[in-house]
Amino acid sequence: MTDPRCPWALSSAALGTYHDTEWGRPSHDDQHLFEMLLLEGAQAGLSWSTVLNKRENYRRALDGFDPTVIASYGQPKLDELLADEGIIRNRLKVASTVTNARAFLQVREAFGSFDSYLWDWVNGAPVVNHPAPGDALPGRTELSDRIAKDLKRRGFTFVGTTIVYAYLQAVGVVDDHVDGCPAKSG
C-alpha cells in the first residue's frame, strides 16, 4: 500500500514527523510563529532538512526563540552565534535574527500579537489548496508577494516571497497538503 502523505514527508523520519505533527497546521502561538520565521530565513538557499536537523541547536543558541531576549543581543552574542557550529553561521542570517526580533516586537505592539497581523491577511482562515500527489507546489503566490513586501517595509530581513510562502505553509496559513494526505484540513 502506498503512503498517502505528502511525498516530501517520506524522505526521512525527521521530515515525516515534522509533516505529521506541525507542517500546515494552523498556528496562532506568537512564539512558534517567530521561531518558524527565523528558521525559514535560515533555510534560504539550503534544504529544510538541514535546518530541521539544527532546530534544537537554534533553540539553545537563541534563548528558546524569545524575541525580547534576541532583540537585545549585542555584538558579543552575535560573535558567539557565528562561532556556534550547531547553527548555520552565515553572518547576514545571524544578524537578521536581531533585526527580525526587533521588527517582530514592533508588529506585536502595533497589532496586539503577531498572530493577529499574520492571520488578518487571510481573514483568519487558512488558504486550502488541493494539489495532487504529483503536482509541484508553487514557490510563491500573490499572497506571499504582498506579505513579503509588507514585512520588508516593517524592517524584516530574509523575508523574500519564496521564504514567506514556505513560512505560510509551515504555520498553516496555507494548507498545501496533497489531496488524500491524512494531514489535509479539508
Side-chain angles (χ1 to χ4, degrees), residues 2-67 70 86-88 93 96-97 100-101 104 107-108 113-122 124-133 135-141 143-144 147-148 151 156 158-186:
T2 304
D3 192 322
R5 294 183 297 170
C6 298
W8 64 265
L10 307 176
S11 60
S12 77
L15 286 173
T17 299
Y18 172 68
H19 168 274
D20 295 349
T21 61
E22 190 173 348
W23 189 78
R25 298 191 189 284
S27 176
H28 296 280
D29 174 32
D30 270 12
Q31 188 77 15
H32 180 252
L33 295 172
F34 180 64
E35 175 178 349
M36 294 310 296
L37 188 66
L38 292 190
L39 291 175
E40 290 293 349
Q43 186 267 333
L46 303 170
S47 71
W48 179 246
S49 61
T50 297
V51 175
L52 190 59
N53 290 333
K54 294 179 178 287
R55 189 177 196 178
E56 289 306 317
N57 294 331
Y58 271 103
R59 285 180 175 153
R60 172 193 45 77
L62 297 176
D63 296 289
F65 289 100
D66 183 328
I70 295 170
I87 67 170
I88 296 158
K93 290 178 182 181
S96 78
T97 62
N100 288 346
F104 182 89
V107 168
R108 194 165 71 180
S113 68
F114 193 81
D115 172 66
S116 292
Y117 164 80
L118 183 63
W119 284 91
D120 279 353
W121 288 96
V122 292
V127 174
V128 180
N129 296 319
H130 295 279
D135 291 351
L137 299 178
R140 51 147 297 281
T141 62
L143 175 63
S144 68
I147 295 173
L151 288 170
F156 288 85
F158 282 90
V159 289
T161 189
T162 302
I163 291 170
V164 168
Y165 193 70
Y167 174 68
L168 297 176
Q169 292 170 308
V171 300
V173 172
V174 172
D175 179 346
D176 271 342
H177 286 284
V178 297
D179 285 337
C181 178
K184 187 79 180 166
S185 65

Rounded to the nearest 0.5 Å, the CG atom of Asn129 sits from the CG atom of Asp176 at a distance of 4.5 Å

Do Ile147 and Tyr165 have side-chain heavy atoms sitting under 4.5 Å apart?
-> no

Considering all heavy atoms of both residues, which atom of Ile70 and which atom of Thr97 are nearest to each other, and what is their separation?
-> CG2-O, 3.3 Å

Shortest non-hydrogen contact from Ser27 toward His32 = OG-ND1, 2.9 Å

Nearest-0.5 Å distance, NZ of residue Lys54 to CD1 of residue Ile87 = 8.5 Å

What residues form a side chain to side chain contact (heavy atoms under 4.5 Å, CB included) with Pro26, not counting sequence neighbours?
-> His28, Trp119, Pro126

Return each pair, listed once, that meets salt bridge (charged side-chain N to carboxylate O under 4.0 Å, His left out) where at least one residue sits in residues 9-20; pairs must be two or more places apart or across chains.
-> Arg5-Asp20

Could you list the residues that satisfy side-chain hydrogen bond (donor to acceptor under 3.5 Å, both in side chains) with Asp63, not counting sequence neighbours?
-> Tyr73

Residues in side-chain hydrogen bond (donor to acceptor under 3.5 Å, both in side chains) with Thr162, at least two apart?
-> none

Hey, does Gln31 have a side-chain heavy atom less than 4.5 Å from the side chain of Pro67?
-> yes

Side chain to side chain contact (heavy atoms under 4.5 Å, CB included) partners for Thr17, two or more places apart | Thr21

Which atom pairs, one a donor and one an acceptor, fall under 3.5 Å between side chains of residues 35-47 and the rest of the protein, sequence neighbours left out?
residue : atom : partner : partner atom : Å
Glu35   : OE2  : Arg55   : NE           : 2.8
Glu35   : OE2  : Arg55   : NH2          : 3.3
Glu35   : OE2  : Arg59   : NE           : 3.0
Glu35   : OE2  : Arg59   : NH2          : 2.9
Gln43   : NE2  : Leu46   : O            : 2.3
Ser47   : OG   : Ser49   : OG           : 3.1
Ser47   : OG   : Thr50   : N            : 3.2
Ser47   : OG   : Thr50   : OG1          : 2.8

Is the distance between the ring centroids of Trp23 and Trp8 less than 6.0 Å?
-> yes

Drop me the distance from Asp30's CG to Tyr117's OH, to the nearest 0.5 angstrom.
-> 12.5 Å

Please examine the side chains of Leu168 and Leu118, heavy atoms only from C-beta on, and report whether any two atoms are closer than 4.5 Å.
-> yes

Side chain to side chain contact (heavy atoms under 4.5 Å, CB included) filter on Thr161, not counting sequence neighbours, yields Arg140, Ser144, Asp145, Ala148

Minimum-distance pair of heavy atoms, taken over all atoms of Leu15 and Ser12 = N-OG, 3.0 Å

Those residues at least two apart in sequence (or on a different chain) that pass ring-ring contact (aromatic ring centres under 6.0 Å, His included) with Phe104 are Phe34, Phe114

His177: which of Gln169, Lys184, His19 passes side-chain hydrogen bond (donor to acceptor under 3.5 Å, both in side chains) | His19

Please identify each residue that fulfils ring-ring contact (aromatic ring centres under 6.0 Å, His included) with Tyr58, with sequence neighbours left out.
-> none

Any side-chain heavy-atom pair of Val127 and Trp121 under 4.5 Å = no

Non-neighbouring partners of Tyr18 that pass side-chain hydrogen bond (donor to acceptor under 3.5 Å, both in side chains), sequence neighbours left out | none

Any residue meeting salt bridge (charged side-chain N to carboxylate O under 4.0 Å, His left out) with Arg108, in chain and number order, not counting sequence neighbours = none

With sequence neighbours left out, write down each residue that passes side chain to side chain contact (heavy atoms under 4.5 Å, CB included) with Pro133, or none if nothing qualifies.
-> Val178

